[in-house]
Colleague: 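Please read through the structure below; I'll follow up with questions.
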2 protein chains.
Amino acid sequence: METPSAPRTARDFARIELTRAILTRARAQLADVGPGELSVRQIARELGMASSAVYRYFPSRDHLITALLVECYDESGDAVEAAEAGVPRQQLRKRWTAMAHALRDWALDHRHEYALLYGSPVPGYAAPEDTVMPAMRTPQVFLALIADAEKQGAPLGAPTMPVPRKERAALAPIAESVGRPISDERLVRAMMAWPLLIGQLTLELFGHLHKGVLDYDVHFTHLVDRVAGDLGLT
Amino acid sequence: METPSAPRTARDFARIELTRAILTRARAQLADVGPGELSVRQIARELGMASSAVYRYFPSRDHLITALLVECYDESGDAVEAAEAGVPRQQLRKRWTAMAHALRDWALDHRHEYALLYGSPVPGYAAPEDTVMPAMRTPQVFLALIADAEKQGAPLGAPTMPVPRKERAALAPIAESVGRPISDERLVRAMMAWPLLIGQLTLELFGHLHKGVLDYDVHFTHLVDRVAGDLGLT
DNA sequence: TCTCTTTCGAGAGCAGTGCTCTCGTTTCCA
DNA sequence: TGGAAACGAGAGCACTGCTCTCGAAAGAGA
């Protein structure tokens, strides 16, 4: 599993090259079969090697899938970060809509990968430590945006209800992990925007909503706009 | 697959009994393995029959899973309907919180079943017609509640933004399917509450949020309260 | 440069899967 | 009561993840 810290010998190079090749074939396979149907033997076959040889590089199918998981987290994180970074810092609303639509676009282009990230956990429920950092990238882009809004003193949308003490306590660890000041009210709204985004994409991609009855493009756009208003992003 | 419309012979009775037995064993197996790991052979083994015999009752594993799907939709629908029906009609807020918490409770008690319903689609992406009716039960409870709120003239929470023409057009089919008048603004908010609910449950159950860092009980409660306020449920 | 150890790929094999086909047996219906 | 339909069991096919062994290749230390 572990890559040699400094590739020195020809063997080291061959190893990381083959590791990459395996991951690449796995990704390609993921394009049309879904994480559950991913086959180690098929990958080996496409690479012209014995299936047992793959296990020199990934000790099990689950480890392979885990590697795929961080790769996909990183890729979607890249897409979101790039889209968000392309907008001038003070245009908060546009930064939000850019990242939201970037995530959706990526999801639509990589349905099985999205399922791998945000669908039901596929292996024997193992979320190894390696995955939590890459998984946090997109949420962190979002929270940084929220912190910027706080810093700019962007007024929130119409007030709703006070944040009770218990909820404030529940959110405290998250507020702390951001490392920048965010008002409770703003944080609560942010903590509703994220599952709304994921929930909407999940319902769209997994087809749980009556197919074709809803124009997802315009609905998603409107939904993102509303969230922007709610978060006071102008 | 199809059950005899009127069970008359002993064979008919045996058939529906065995069909039920298979489904029951499948449900039991689903309690601790997840939809993807569901094994026809294992079910046959537990029932003391040859695996080939199962195929007399379900032509394929996917058909079995589909049957499981409608069963789970119905079960969660029952739970939600029961909880919502136990609240006096005019207490709109309580009806909402009751159904939301009922859904979450059911999901927490049936994680794999929830994954089957709202996680990544497990078979070769087939959502047969049989599943759409049961799948609509819970959303329909919710929409009926919204229609009741409209009828009672419950004032919505603080205004946010107007509903653009395109969005109104997109939602038209859904408004129509409800069959009762709902203002655009209210419908839009309802159409945000539902994915928020599903998204929150998905993130909680699939553990995509840093484990243990958030008290899901209190957060979910607060979130549901906020949605209630937003929907004008008092 | 020559050993010695580690790493590698390939092949066979195990236990499991979904699914099909056949072959007697049982059940029902006319 | 005889023919047709449904049934359960078993063998078998093609596939899976994974393990083990074995011979070859590569690197490291002398």
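Numbers restart at 1 for each chain; the letters A, B, ... are given by sequence-line order, proteins then strands. Below, all heavy atoms of this structure are taken into account, side chains as well, without hydrogens, waters or symmetry copies.
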Colleague: Respond yes when some side-chain nitrogen or oxygen of B:R45 is under 4.0 Å from OP1 or OP2 of C:dT17, and no when none is.
Modeller: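 For B:R45, the contact criterion (side-chain N or O under 4.0 Å from OP1 or OP2 of C:dT17) is met.
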
Colleague: Compare side-chain N and O positions of A:R11 against OP1 and OP2 of C:dC8 and report whether any pair is under 4.0 Å apart.
Modeller: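 So the side chain of A:R11 is outside the cut-off, no N or O lying under 4.0 Å from OP1 or OP2 of C:dC8.
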
Colleague: Which part of the nucleic acid, if any, lies within reach of B:L38 when heavy atoms closer than 4.0 Å are counted: base, sugar-phosphate only, or nothing?
Modeller: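 Sugar-phosphate only.
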
Colleague: Could you say whether A:S52 or A:Q42 is positioned toward the 5' end of DNA chain D, judged by the nucleotide with the nearest heavy atom to each?
Modeller: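 The residue mapped nearer the 5' terminus is A:Q42.
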
Colleague: Mind checking whether A:W194 and A:T138 have side chains closer than 4.5 Å, heavy atoms only?
Modeller: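 Answer yes - side chains close enough.
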
Colleague: Just to be sure I understand the rule, does B:I43 reach a base, reach only the sugar-phosphate, or reach nothing, if contact means heavy atoms closer than 4.0 Å?
Modeller: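 Touches nothing.
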
Colleague: May I have the distance from A:H63 (atom NE2) to D:dG17 (atom P), rounded to whole angstrom?
Modeller: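 Atom-to-atom, A:H63 to D:dG17, this comes out as 15 Å.
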
Colleague: Would you mind telling me which of C:dC19, D:dA25, D:dA9 lies closest to the side-chain atoms of B:S51?
Modeller: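 Nearest to the side-chain atoms of B:S51, counting from C-beta on, is C:dC19.
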
Colleague: What's the CZ-C1' distance between B:R56 and D:dG10, to the nearest Å?
Modeller: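 Answer to the nearest Å: 12 Å.
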
Colleague: Determine whether the aromatic ring centres of residues A:F220 and A:Y216 are separated by less than 6.0 angstrom.
Modeller: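 No, the ring of A:Y216 stays outside the 6.0 Å limit from the ring of A:F220, centre to centre.
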
Colleague: Write down the distance between CD (A:E37) and C1' (D:dC15), rounded to a whole number of angstrom.
Modeller: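 In whole Å, D:dC15 C1' and A:E37 CD are 13 Å from each other.
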
Colleague: Whole Å only: how far is the CZ atom of B:F58 from the C1' atom of D:dC7?
Modeller: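 Those two atoms, CZ and C1', are 16 Å apart.
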
Colleague: Give B:L47 one of three labels, base, sugar-phosphate or nothing, depending on what nucleic acid heavy atoms sit under 4.0 Å from its own.
Modeller: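 No contact at all - B:L47 keeps every heavy atom at 4.0 Å or more from the nucleic acid.
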
Colleague: 5'-most contact on DNA chain D: B:A53 or A:S60, nearest heavy atom basis?
Modeller: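 Nearer the 5' end of the strand: B:A53.
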
Colleague: Over how many whole Å does the gap from A:R15 atom CZ to D:dA25 atom C1' extend?
Modeller: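 These atoms are roughly 15 Å apart.
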
Colleague: State whether A:K166 and B:D217 are salt-bridged, where the test is any N-O pair (Lys NZ or Arg NE/NH1/NH2 against Asp/Glu carboxylate O) under 4.0 Å.
Modeller: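 Salt bridge flag = no for B:D217 with A:K166.
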
Colleague: Take atom CD1 of A:I16 and atom P of C:dT7, then tell me their distance rounded to the nearest Å.
Modeller: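 Atom-to-atom, A:I16 to C:dT7, this comes out as 17 Å.
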
Colleague: Please report, rounded to the nearest Å, how far the P atom of D:dG10 is from the CZ atom of B:R41.
Modeller: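 So the CZ-P distance, B:R41 to D:dG10, works out to 13 Å.
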
Colleague: Looking only at side-chain N and O atoms, does B:R61 come under 4.0 Å of OP1 or OP2 in C:dT17?
Modeller: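 So the side chain of B:R61 is outside the cut-off, no N or O lying under 4.0 Å from OP1 or OP2 of C:dT17.
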
Colleague: In whole Å, what is the span from the CG atom of B:D12 to the C1' atom of D:dC7?
Modeller: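 Going from B:D12 (CG) to D:dC7 (C1'), I get 13 Å.
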
Colleague: More 5' along DNA chain C: B:S39 or A:L18, using each one's nearest nucleotide?
Modeller: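 Result of the comparison: A:L18.
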
Colleague: When you check the phosphate oxygens OP1 and OP2 of D:dC20, does a side-chain N or O of A:Y55 lie under 4.0 Å from one of them?
Modeller: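 Checking A:Y55 against D:dC20: no side-chain N or O falls below 4.0 Å of OP1 or OP2.
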
Colleague: Below 30° counts as parallel, above 60° as perpendicular, anything between as tilted: where do the rings of B:Y114 and B:Y118 land?
Modeller: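 The rings of B:Y114 and B:Y118 sit tilted, inter-plane angle from 30° to 60°.
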
Colleague: Looking at A:Y73, I'd like to know if the NZ or CZ of A:R137 sits under 6.0 Å from its six-membered ring centre while staying within 45 degrees of the ring's axis.
Modeller: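 Because its charged atom misses either the 6.0 Å distance or the 45° angle limit, A:R137 does not stack over A:Y73.
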
